[in-house]
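What follows is a single structure, written as structure tokens, with notes after it.
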Amino acid sequence: LFIAFPPASLASMQIFNCRRIENQRYLTDDLREVCPTTRDFTWWYAFFATSVWAVGIPAFFFLSMRYHGVHIMARKKKKKGLVGVLIDKFRKDSETHDSSQFTG
């Protein structure tokens, strides 16, 4: 998905990238092609593809992760990791402190 998503999103939006030359609008990527209007099937197909692919897929994944509580799991894992680091630091500091009492 990460390999296909950017080029597919770009391809679905290129039809909206038009340049006006004199009184006519042409596709920026291919100036031989006239830019489609909202009356053309091509424009609506690109609109649908952009809505579903470029907006809908990320929205689906975001809502799916929220529904399954991924943000809560990540927060717990981060907190657990921080607590583990603090415990390791405490153990290391207490070992250093204990050994310095005997040398001193």
Side-chain angles (χ1 to χ4, degrees):
L1 184 67
F2 293 115
I3 294 171
F5 185 75
S9 296
L10 180 64
S12 70
M13 290 186 273
Q14 283 178 341
I15 200 161
F16 303 111
N17 189 14
C18 298
R19 179 183 293 174
R20 182 175 297 280
I21 300 175
E22 295 181 7
N23 290 333
Q24 189 70 20
R25 293 171 43 98
Y26 295 95
L27 290 175
T28 303
D29 291 338
D30 186 1
L31 293 174
R32 295 172 294 175
E33 295 290 325
V34 176
C35 219
T37 65
T38 55
R39 288 172 268 166
D40 298 325
F41 171 77
T42 308
W43 191 91
W44 286 104
Y45 181 79
F47 179 78
F48 177 75
T50 301
S51 300
V52 170
W53 189 256
V55 178
I57 298 294
F60 168 76
F61 278 106
F62 174 75
L63 294 173
S64 178
M65 290 189 323
R66 294 289 291 186
Y67 176 77
H68 292 290
V70 173
H71 63 291
I72 296 169
M73 289 186 269
R75 192 177 307 124
K76 286 179 183 178
K77 191 170 187 171
K78 182 178 176 184
K79 187 176 181 180
K80 187 176 180 181
L82 290 174
V83 170
V85 168
L86 291 174
I87 291 171
D88 291 343
K89 183 168 174 27
F90 174 76
R91 287 181 182 156
K92 183 180 175 187
D93 290 347
S94 62
E95 288 173 1
T96 306
H97 182 66
D98 290 342
S99 64
S100 66
Q101 288 180 340
F102 298 117
T103 59

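All residue numbers refer to positions in the sequence shown, counting from 1.
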Linked hydrophobic residues, Tyr26 as query - side chain contacts closer than 4.5 Å: Ile21, Leu31, Val34
Nonpolar side-chain network containing Phe48, other nodes, edges under 4.5 Å: Val52
Hydrophobic cluster of Met65, others only, ordered by chain and residue number, side-chain cut-off 4.5 Å: Val70, Met73
Of all pairs that satisfy disulfide (SG to SG under 2.5 Å), the ones with a partner from residues 44-87, not counting sequence neighbours: none
Test side chain to side chain contact (heavy atoms under 4.5 Å, CB included) applied to Ser9 - qualifying residues, sequence neighbours left out: Phe5, Met13, Trp53, Ala54
Which atom of Ile3 lies closest to which atom of Pro7, heavy atoms considered: O-CD, 3.3 Å
Pairs satisfying disulfide (SG to SG under 2.5 Å), at least one member in residues 19-87, at least two apart: Cys18-Cys35
Qualifying disulfide (SG to SG under 2.5 Å) pairs with a residue from residues 38-68, counting only residues at least two apart or across chains: none
For residues 38-46, which side-chain donor-acceptor pairs fall under 3.5 Å, sequence neighbours excluded?
residue, atom, partner, partner atom, Å
Asp40, OD2, Thr37, N, 2.9
Trp44, NE1, Thr38, O, 2.4

Residue pairs, two or more places apart or on separate chains, that pass side chain to side chain donor-acceptor pair (under 3.5 Å) and touch residues 13-24: Gln14-Asp29, Asn17-Thr28
